[in-house]
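As structure tokens, the structure follows; a few thoughts come after it.
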Protein chains: 2
Amino acid sequence: MAAGEQITEDQLAQISGVSRTPVREAVRRLEDELLLVRSDTKRLFVADWSRDDIEEMFVLRQMLEGHAAERAASRLSREQIAALEAVNRDLTAAVEQASPDVARFLEANRAFHDVIIDAAQSPRLAQLLARLVEAPVVLRTARTYTREDLLQSARDHDELIAAFTARDPDWARAVMGSHLRRAFHTFARAVGPTKERDAAA
Amino acid sequence: MAAGEQITEDQLAQISGVSRTPVREAVRRLEDELLLVRSDTKRLFVADWSRDDIEEMFVLRQMLEGHAAERAASRLSREQIAALEAVNRDLTAAVEQASPDVARFLEANRAFHDVIIDAAQSPRLAQLLARLVEAPVVLRTARTYTREDLLQSARDHDELIAAFTARDPDWARAVMGSHLRRAFHTFARAVGPTKERDAAA
DNA sequence: CGGGAGCAATTTGTATACAATAACCCGTGC
DNA sequence: GCACGGGTTATTGTATACAAATTGCTCCCG
């Protein structure tokens, strides 16, 4: 639905075919994720994310996920590193095809990052990142990826695995940082110059 | 209530004198803050924070609030800096008395940090920090402060103001970092050695 | 023609009742 | 004596009804 549009709990309830009670809980989550915002007096609107909003999200994610990579470097088990390798093989296969399978890429990508966050062994960090990495935003970002962007992601993951294998926290953090920062610039390039607000629906 | 104890929504509703509907929303927030946790199958328990849990909270807070201070350094208005000075004068007064007024210290301290977070102009950052800085934990931490600890906090704030006045982001971040890291060690000293779990009620 | 008071309609907040699911107790068979 | 079901109780999840609050419209008055 359109950014900035007002929406009522009742409408969402009818759309989803459930009563307002569970809708209210879902709305609370979407408010936490800043996908819905409440007007001055409790009325509900769909959020309008500017380019700057998305950059800020990437900056925070870089900070937190970099920290996760740093912690994971000294905590990942051999099995977890093997899992990362397996997942990234799948991700690479999804991308190396003539026409990349973006859905499969996204699923593998999420799995990859989940292993790292899990290995960081910090429930609070995991929780903050869950709030930050919103599916709709990631999805829109991924749509703007070219095949070369996707391949570069796969290579970043390979280097992350190398950093983990070497048990080098600084290396891991640095790779994660450039990985995410590049993702932001890929997105920014697609969205266009800084001044314009993002009007995607 | 005791850590680890089971609690039901019904009990909380009776205690607060409202129905389960608003209680459920409040419980959701407390779950977000990890003050309540759900068992494997949705049953509700009051969380049991270990010393490591609290350290992790401080580490994350240091990272995020350091970032906030860095951004604030180049964004704070003259009025906001003046507000920080006023708030810290009040904080200092509350602490310099023979018997420090801890409640007043806490309120001034919160106001001080709120100005900085507000000046950072990042709604997402503000939201993450709100989830992180839990009143009960801060309260328990503050109880362990000696008069000298409180005075050191006031001096930290003074140095932060100096960093802001100089418009030096790196300085601001560094001061904020040591400010929060010291707070953690003050807490850790009071709680005791690392190995023990925190059993406060 | 403009401004404001008051009423109607919309929207969110809360209470209550009921449905679904999980834990617990107890007896039975081996 | 112990594992396994069956049924009862406890607890969470959802629907519905109603209360409170906010908006916006309308109509009256200057």
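Only this structure's heavy atoms are used, side chains among them; waters, hydrogens and symmetry mates stay out. Quick note on labels: first sequence line is chain A, next is B, and so on, each numbered from 1.
Between A:Phe45 atom CZ and D:dT22 atom P there is a gap of 14 Å when expressed in whole angstrom units. Distance CD (B:Gln14) to C1' (C:dT16): 14 Å, rounded to an integer number of Å. At whole-Å resolution of the value, CZ in A:Arg20 and P in D:dA17 are 13 Å apart. Straight-line distance from the CD atom of B:Glu9 to the P atom of C:dA17: 17 Å, rounded to whole Å. In this structure, CG of B:Leu44 is placed 11 Å from P of D:dT11, rounded to the nearest angstrom. Distance, A:Arg24 CZ to D:dT16 C1': 14 Å, rounded to whole Å. At whole-Å resolution of the value, CG in B:Leu12 and C1' in D:dT12 are 13 Å apart. Taking atom CD1 of A:Ile7 as the reference point, atom P of C:dT10 lies 16 Å away to the nearest angstrom.
Salt bridge present: A:Asp114 and A:Arg110 bring a charged side-chain N and a carboxylate O closer than 4.0 Å. Ion pairing between a basic and an acidic side chain is recognised when a charged N comes within 4.0 Å of a carboxylate O; A:Arg147 and A:Glu96 show no such pairing.
If you check every strand for non-hydrogen atoms under 4.0 Å, A:Thr8 touches sugar and phosphate atoms only.
Comparing atom distances between the A:Pro22 side chain and each of D:dT14, C:dG13, D:dG13 picks out D:dT14 as nearest. Listed nucleotides C:dA23, C:dA15, D:dT14 differ in distance to B:Thr41; the shortest reach to its side chain belongs to C:dA23. With distances taken from any side-chain atom of A:Asp40 to the nucleotides C:dG13, C:dT14, D:dT23, the minimum falls on D:dT23. Of all nucleotides listed (D:dA10, C:dT11, C:dA15), C:dT11 comes nearest to the side chain of A:Arg43.
For the pair A:Ser39 and B:Lys42, nearest-nucleotide mapping onto DNA chain D gives the more 5' position to B:Lys42.
Between B:Thr21 and C:dT14 there is no side-chain polar atom (N or O) within less than 4.0 angstrom of OP1 or OP2.
None of B:Val37, B:Thr8, B:Val27, B:Leu30 except one satisfies the side chain to side chain contact (heavy atoms under 4.5 Å, CB included) rule with B:Leu44; the exception is B:Val27.
For B:Thr146 and B:Asp149, the side-chain atoms include at least one donor-acceptor pair closer than 3.5 Å. B:Gln97 and B:Asp101 are not linked by any side-chain donor-acceptor pair at a separation below 3.5 angstrom, with hydrogens and angles left out of the test.
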